[in-house]
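Take a look at the structure below.
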Amino acid sequence: MLDLADPVPKDGEVLVRVRAAGVCGSDMHGFLGRSKKRVPPLVLGHEFSGEVVAQGDAVAVYPIISCGTCEYCASEREHLCPARQVYGLDFHGGLAEYATVPRRCLFPIPASMSFVEGSLVEPLANAVHVVKRCPDVRGRTCLVYGAGPIGMLCAFVARQHGARLIIMVDRNSQRLARLKELAADITIDSSQQNPVSSLLAHTGGRGVDFAIDAVGNV
């Protein structure tokens with residue numbers, strides 16, 4: 001346990017009482033000592049929601065703080081901003097009681113949404129971004145390689161955008177079984193089957209129209 005002084009908002013910032021925070025795989029890398037930048041005493045966490053202390057408004061937090069003036073920021077591509085900084089990477093994150101957040105990084109969440117659901121806005125936004133970069137997915141067949149949280153969300157978003165057939169590949173049988181109930185039409189356990197030959201068998205040798213890599217290992 002690390003005791004820190006409560007952060008003090010700067011101009012344009014508000015103090016947010018964190019009510020829920022997710023644990024990303026990158027946070028786990030930091031916790032296990034596998035990250036060069038996520039090292040103690042840095043507070044981790046970039047998937048979080050809470051309430052603005054001054055007004056009590058429920059909000060989800062956009063975790064990238066960009067300059068707001070470069071060509072990337074001007075074209076709504078803040079994630080490419082050369083000066084961008086990220087909670088839980090470049091400064092203390094959301095796995096804390098309080099965080100200071102620029103007003104422009106706050107997104108109101110409705111009363112019908114829990115704070116836990118609000119903390120999922122950031123990973124869901126990643127999935128929406130991925131699917132939007134694919135061609136028109138309506139009526140198309142989709143392969144999602146990796147059934148972790150981002151892969152699951154990509155499958156949900158692809159389904160919401162009208163994908164006709166969703167195939168999930170992973171080596172975690174429990175995740176695949178759950179996804180078969182929720183979003184996937186076909187699951188392939190790569191620890192038991194050759195994923196390429198299985199995919200071709202399921203699609204009559206045609207393959208799929210688009211694929212999403214939600215594993216990220218290199």
Side-chain angles (χ1 to χ4, degrees), residues 1-70 72-73 77-129 146 148-153 172 174-175 214-218:
M1 180 70 69
L2 179 66
D3 290 326
L4 298 171
D6 291 345
V8 178
K10 301 174 185 176
D11 289 343
E13 295 181 342
V14 298
L15 184 65
V16 172
R17 184 192 304 274
V18 179
R19 296 293 302 274
V23 178
C24 178
S26 60
D27 294 322
M28 289 298 299
H29 291 162
F31 180 77
L32 296 172
R34 298 173 183 170
S35 174
K36 294 181 179 180
K37 294 191 67 173
R38 293 179 175 89
V39 296
L42 179 71
V43 177
L44 302 174
H46 57 270
E47 304 171 358
F48 63 102
S49 66
E51 53 192 2
V52 178
V53 171
Q55 295 90 22
D57 298 335
V59 293
V61 175
Y62 180 62
I64 298 177
I65 298 179
S66 59
C67 73
T69 59
C70 70
Y72 296 108
C73 291
R77 294 180 291 168
E78 296 91 345
H79 60 291
L80 299 178
C81 172
R84 70 189 180 280
Q85 293 184 307
V86 181
Y87 281 92
L89 178 66
D90 299 297
F91 47 84
H92 290 323
L95 289 172
E97 188 175 359
Y98 295 100
T100 54
V101 183
R103 289 188 178 91
R104 69 179 186 273
C105 294
L106 298 177
F107 291 84
I109 59 176
S112 59
M113 180 181 291
S114 71
F115 286 109
V116 171
E117 291 170 330
S119 70
L120 292 172
V121 168
E122 192 275 340
L124 176 61
N126 280 276
V128 171
H129 176 73
I150 296 299
M152 294 178 185
L153 290 170
N172 186 316
Q174 293 180 324
R175 284 181 173 179
V215 177
N217 283 343
V218 294

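Fair warning: this is a prediction, and the values are worked out from it, not measured in the lab.
- Of all the heavy atoms in P7 and T100, the pair that sits closest is CB-CG2, 3.6 Å.
- Smallest separation of non-hydrogen atoms from V61 and V101: CG1-CG1, 3.9 Å.
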Side chains of residues 34-45: which donor-acceptor partners sit under 3.5 Å, not counting sequence neighbours?
| residue | atom | partner | partner atom | Å |
| --- | --- | --- | --- | --- |
| S35 | OG | K37 | N | 3.4 |
| S35 | OG | R38 | N | 3.1 |
| K37 | NZ | D90 | OD1 | 2.7 |
| R38 | NH2 | S26 | OG | 3.4 |

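- Residues N172 and Q174 share a closest heavy-atom pair of OD1-N, 3.1 Å.
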(message) Run the side chain to side chain contact (heavy atoms under 4.5 Å, CB included) test on V121 and S49 for me, step by step, so that the C-alpha distance in whole Å, both residues' side-chain angles and the decisive distance to 0.1 Å come before the verdict.
(response) CA-CA 9 Å; V121 168; S49 66; over 6 Å; no

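- Taken to the nearest 0.5 Å, the CG atom of D27 stands 5.5 Å off from the NE2 atom of H46.
- Side-chain atoms of R17 never come within 3.5 Å of backbone atoms of E51 as a donor-acceptor pair (strictly under, hydrogens ignored).
- Sorted pairs that involve residues 55-65 and meet side-chain hydrogen bond (donor to acceptor under 3.5 Å, both in side chains), not counting sequence neighbours, are lacking altogether.
- We find the SG-CD distance between C70 and E78 to be 8.5 Å, quoted to the nearest 0.5 Å.
- Applying the side-chain hydrogen bond (donor to acceptor under 3.5 Å, both in side chains) test to E122 and every residue at least two apart in sequence or in another chain returns N126.
- Contact record, G94 with A21: O-CB, 3.8 Å, taken as the closest heavy-atom pair.
- A distance of 12.0 Å separates OG in S119 from CZ in R19, rounded to the nearest 0.5 Å.
- The two residues I65 and C105 have their closest heavy-atom pair at CG1-SG, 4.3 Å.
- Across all their heavy atoms, Y72 and P82 have their closest contact at CD1-CD, 4.0 Å.
- Going from atom OG of S66 over to atom CZ of R84 covers 10.0 Å, rounded to the nearest 0.5 Å.
- Expressed to the nearest 0.5 Å, how far CZ of R77 lies from NE2 of H129 amounts to 10.5 Å.
- For the atom pair CG (D11) and CZ (R103), the distance works out to 8.5 Å, reported to the nearest 0.5 Å.
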(request) Might you work through the side chain to side chain contact (heavy atoms under 4.5 Å, CB included) test for L153 and L120, ending with a clear yes or no? (result) CA-CA 10 Å; L153 290 170; L120 292 172; 5.6 Å; no

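- Atom CZ of F31 has 12 or fewer neighbouring heavy atoms from other residues, nucleotides or ligands inside a 6.0 Å radius.
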